[in-house]
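Working notes for the structure below.
Chain letters run A, B, ... following the sequence lines, proteins first, then strands; residues in each count from 1.
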Amino acid sequence: MIRSLFEPRKIGEMAPATKLLLYFILFAWSLFVIFPIYWLLITSFKTPAAVNEGPFFLPWVDFKPSLHAWKDLFVYDLSDTMRAYFNSIVIALTATALSVFVGSLAAYSLSRIEFAPNLITILYFVVLLIGASVAIGVYKTDLWLTLAVVVALFFLLARAVGRLYTARLKNGDILFWIISQRILAPIVVVVPIYMMFQSVKLLDTHIALIITYAVVNLPIVVWLMFDFFNSIPRDLEESAQLDGATMIMTFREIVLPLSRTGLSATTLLVMIFSWNEYLFALFISTSKAQTLPILVAAMNAGERGILWWTMSVAIIIMIIPVVVMAVFLQKYISKGLLVGAVKG
Amino acid sequence: MGRLFLTPAVVLILVFSIFPLVASLILAFTRIRFSGGGFKVRFAAWRNFDKQFFGSEQFHLLGTFGPLSVLAWIVGLIASAALIWWIYRYCRSHFTVIGFIGRLITFAMALSLVWLFAATLLSGRQFGTVGTTLFYVVIGCGLQFLIGTALAFACSQHIRGNRTFRVIFFIPMMITPIGVGYIFRMLADTSKGPFANIWQWFGLGDWSWATDPWASRIFIVIADSWQWIPFVFIMMLAGFESVSKDLNEAAEIDGAGKWMTFREIIWPQVLPIAATVMLIRVIEAFKIVDLPNIMTAGGPGIATESVSLQSYYAWRSLDLGSASAIAYILLFITVVICVSFFNLVVLARVRAKP
Amino acid sequence: MVIETNNTRAVAKGISVHEFNKFYGAFHALKNMSLEVSPGEFLVLLGPSGCGKSTALRMIAGLESITSGTLMIGDQDVTDVLPKYRDIAMVFQSYALYPHKTVAENIGFPLKVAKTPKAEMEIAVKAAAEQVELGSLLDRLPGQLSGGQRQRVALARAIIRRPSVFLMDEPLSNLDAKLRGNMRAELKHMQASLGITTIYVTHDQIEAMTLAHRVAIMKDGELQQLGTPKEVYANPANLFVAGFMGSPPMNFVEGSITNGLFTAEGISLPAQQLPEMQNVTLGFRPEDCTVVEKGQGQIDAQVFTLEMTGDQSLVTFRSGDKSMVVKMPKDFEISPDSYAAIQFDSAQACFFDTSSGQRLYAQNV
């Protein structure tokens with residue numbers, strides 16, 4: 001009896017019970033997704049009294065909407081709001097551009113050229129790095145001087161060391177190494193990064209956040225773009241090379257135009273991650289370079305408790321650009337995510 | 001030429017990722033004392049780790065231990081037996097030294113986590129940040145995976161409006177975790193939030209979930225799921241859509257019903273994707289820090305503190321050595337669990353596929 | 001292929017397709033199609049891509065709904081019945097093998113669904129695999145098989161349930177030419193010995209001619225002609241069928257009929273008992289004519305090329321913008337650009353109404 005409800009009545013149609021169940025699930029989840037956003041939206045139009053006196057759901061019916069919180073942020077604190085907004089835009093855009101640029105170059109070369117770095121040379125480099133960190137950290141040598149010494153030592157002796165043992169890595173290993181950086185929790189590296197920027201007096205600047213975000217997102221870019229470049233047929237480039245194009249020209253004239261979808265998807269994704277990032281911003285930016293997430297979090301610091309109404313406004317202005325992007329470019333973004341994952 | 005293409009990425013990662021990683025390791029073995037304008041660095045050997053595992057911070061990282069309860073003994077022994085059986089079976093089959101060492105590490109990690117769980121929670125004591133983080137990872141990712149997959153499957157059916165549903169379901173992933181944290185704090189308010197009437201009806205009007213450890217943890221998991229189910233959803237949706245339509249029809253003609261088709265035909269094919277999605281999600285879940293920081297500040301007590309958050313608090317009290325040591329402990333656990341998962345589950349699935 | 005004919009014969013059922021219509025929105029994909037397939041018959045649906053043949057097959061399978069019309073399998077009305085209750089098996093163009101299941105699991109899946117006991121299932125799988133000569137590959141995955149082997153797995157999966165109807169959607173089109181020839185013969189033999197009613201969709205007229213008991217030719221969602229391969233070839237009902245069957249296809253000359261005489265540029269033929277008409281097309285098959293000296297045949301034309309195919313020579317003539325092909329014995333020689341004539345038996349020629357495409361038949365006055 002119940003079984004028959006789950007059997008289609010007509011061919012090409014869904015069984016009535018299945019259909020009902022599906023719609024129920026989809027609508028229920030839509031409600032669960034939308035309601036928090038709706039609540040955020042109406043809270044931003046509430047007066048403090050309307051927030052504190054209990055739950056009011058419908059504007060004009062339950063409570064009188066007021067622009068008071070919006071005024072707080074856009075009239076009285078305009079300079080703070082605009083600065084954070086400006087910082088976020090500059091940092092997210094630049095970091096994304098840097099990350100996508102560097103990352104796709106790396107991904108392209110990994111997908112097209114055989115690299116065979118010597119394992120022992122790499123170990124040698126890591127040992128040098130450890131030495132440098134000890135020197136800087138414990139013996140407080142000058143950061144840049146030490147790094148210069150490390151680089152000099154490396155290039156002087158790299159060949160000699162490389163001859164000791166000739167095991168080589170493959171492209172797959174390099175790729176895996178880059179992607180595996182994603183496993184690092186920001187908390188593991190943020191303290192030394194903080195100290196690095198402190199020692200070169202770059203704390204609380206755009207540059208510090210831009211570089212950090214670019215590096216954090218590099219693994220994603222390399223991963224997604226590697227798969228994308230791999231899916232572009234090689235004979236196009238080979239024919240370009242036969243026509244006499246250099247590698248840079250081939251990349252610019254053939255590969256880039258063909259990978260426009262992949263690039264835009266990756267760009268969007270990285271932009272969203274940079275836009276929303278919190279932990280690094282918390283460490284690295286204190287006032288001048290403060291980004292939007294920090295502005296939002298700062299609403300909590302007042303002695304009067306959390307100013308829910310202004311905080312709602314801050315969150316709304318922060319999520320509007322990305323939500324608009326999500327709605328219009330959802331297809332792109334999901335495509336970008338999928339290139340890598342679905343192929344494994 | 002090609003070297004020139006690859007170098008910027010490698011240099012950036014070396015300088016801003018590997019160098020800090022190494023520096024962090026060194027910090028973990030030092031004690032830094034700030035005095036006046038400068039600071040002094042002293043070598044501290046294992047003391048930072050010792051403090052976390054056996055010293056004054058043990059309760060914080062691992063939890064409080066007590067005499068094992070009967071239940072703890074039962075669960076611990078059964079799990080240990082299962083793990084030993086697993087290793088034994090591996091040794092009897094296709095034994096390789098590398099495989100054995102890898103499995104031994106997995107085995108040791110699993111065994112210590114099981115007994116940690118038995119000795120703290122199952123014996124009626126508090127567990128520490130490691131336990132809390134694992135709770136977020138296991139329960140959070142499990143929940144996200146189940147719901148995300150179910151939604152993806154529902155959306156992969158031919159029904160009217162499924163484009164709209166897709167866009168709606170995707171939105172939470174775009175919202176900053178800070179925003180999500182505060183939004184859910186608003187929603188969870190038992191006296192002013194939207195569900196206040198419901199709480200009052202249950203007589204919980206004056207109760208605050210923020211004072212109850214389990215309620216707080218579950219609440220963070222709900223907020224985390226709200227944000228990350230879209231990720232699982234989007235990936236699994238693509239997985240379901242990549243299953244060829246012919247196979248569905250062939251199964252239909254062979255007489256299989258919807259459930260049978262799903263279990264026998266669709267699921268085995270999306271399994272490799274599912275494993276990859278799960279791996280990505282688990283990696284990200286171990287890093288959780290924003291939500292507990294925003295929603296509960298780790299409270300009540302340390303009930304909702306993740307390992308990342310603990311490290312952040314240590315840094316905030318200028319204990320850089322401990323902060324790095326804690327971060328390294330997290331890194332170690334993450335790497336062992338994720339690499340085990342990758343080797344034993346994801347690779348196994350990929351290899352099984354022709 | 002080893003086939004044990006005595007114990008594998010299934011209960012074949014006839015199929016009756018009555019006034020099938022299929023609409024996709026406003027698009028009329030299948031127009032009033034009616035067919036009767038008798039038990040054990042091998043019927044081929046033939047037509048160019050997009051002619052609705054696959055749609056028709058999928059409607060019979062129950063994968064597409066029937067907008068209007070009725071479908072009977074045996075004496076049962078199955079118009080609205082789900083595929084699993086129709087007692088049919090289908091072979092897909094892509095074979096649709098389950099990639100994560102071994103050959104044995106693939107073949108046994110229909111029985112597994114039907115909850116057949118394990119021991120019984122194993123025997124049946126072995127038997128089916130033996131029938132298609134896959135006995136040694138039972139533990140392989142489809143990914144490890146060659147195209148022909150995959151095709152056999154798909155066949156075995158279809159025959160294991162002893163369905164009363166077999167549906168095949170271009171099953172041979174993914175194989176290379178040589179293998180296709182072998183599989184064609186095996187398919188035909190298997191169908192004959194199993195005696196299962198079969199509907200087979202293809203766009204390849206050679207497959208249709210060699211396999212079918214009867215061929216149904218379709219175009220733009222409409223059934224053009226239904227008949228045995230011989231009938232369809234010798235007596236095409238319209239221009240489309242005439243042009244579609246045969247390789248190289250029938251030669252066409254456009255002209256008109258007046259006073260019992262077909263006239264076109266430089267041609268005049270007796271066309272007795274045919275109605276007078278302005279636009280008429282004359283058709284004759286390349287193998288029904290020969291090349292003769294200029295002036296001695298019905299049509300004078302210039303030789304364009306001579307192609308050797310091994311067993312015969314194809315002479316292509318050009319006259320104005322139309323070309324005509326004549327099949328000649330393999331040792332026939334003629335130099336390109338020379339002038340010659342085509343001679344054919346006017347009794348073998350067909351006439352068609354150019355505007356409607358319909359065949360013009362002699363009226364017995």
Please classify the contact between C/Ala89 and chain B as side chain, backbone, both or neither, with a heavy-atom cut-off of under 4.5 Å.
backbone
Part of C/Leu97 lying under 4.5 Å from any heavy atom of chain B:
backbone
Say you draw a straight line from NZ of C/Lys101 to CD of B/Gln269; how long is it, rounded to the nearest 0.5 Å?
10.0 Å
Examine whether an atom of C/Lys112 lies under 4.5 Å from a heavy atom of chain B, and if so say whether it belongs to the side chain, the backbone or both; otherwise answer neither.
both
Test item: C/His100 side-chain N/O and B/Glu264 main-chain N/O as donor-acceptor pair under 3.5 Å:
yes
To check you understand the geometry: which heavy-atom pair defines the closest contact between C/Tyr98 and B/Leu247, and what is its length?
CE2-O, 3.8 Å
So which of B/Gly257, B/Ser244, B/Ala251 has the biggest tally of heavy-atom pairs under 4.5 Å with chain C?
B/Ala251
Report yes if the side chains of B/Ile253 and C/Lys84 come closer than 4.5 Å at any heavy-atom pair, otherwise no.
no
C/Asp176 atom CG: more than 12 heavy-atom contacts under 6.0 Å
yes
Taken to the nearest 0.5 Å, the spacing of B/Met260 CE from C/Phe109 CZ works out to 5.0 Å
Please look at C/Arg86 and chain B and tell me whether the side chain, the backbone, both or neither of the residue comes under 4.5 angstrom of a heavy atom of that chain.
neither
Apply side chain to side chain contact (heavy atoms under 4.5 Å, CB included) to the pair B/Asp246 and C/Tyr95, showing each step before the final yes or no.
CA-CA 8 Å; B/Asp246 275 4; C/Tyr95 315 141; over 6 Å; no
Assess whether atom CZ of B/Phe332 is packed by more than 12 heavy atoms of other residues, nucleotides or ligands within 6.0 Å.
no
Just wondering, do B/Asp254 and C/Met90 contact through their side chains at under 4.5 Å, heavy atoms?
no
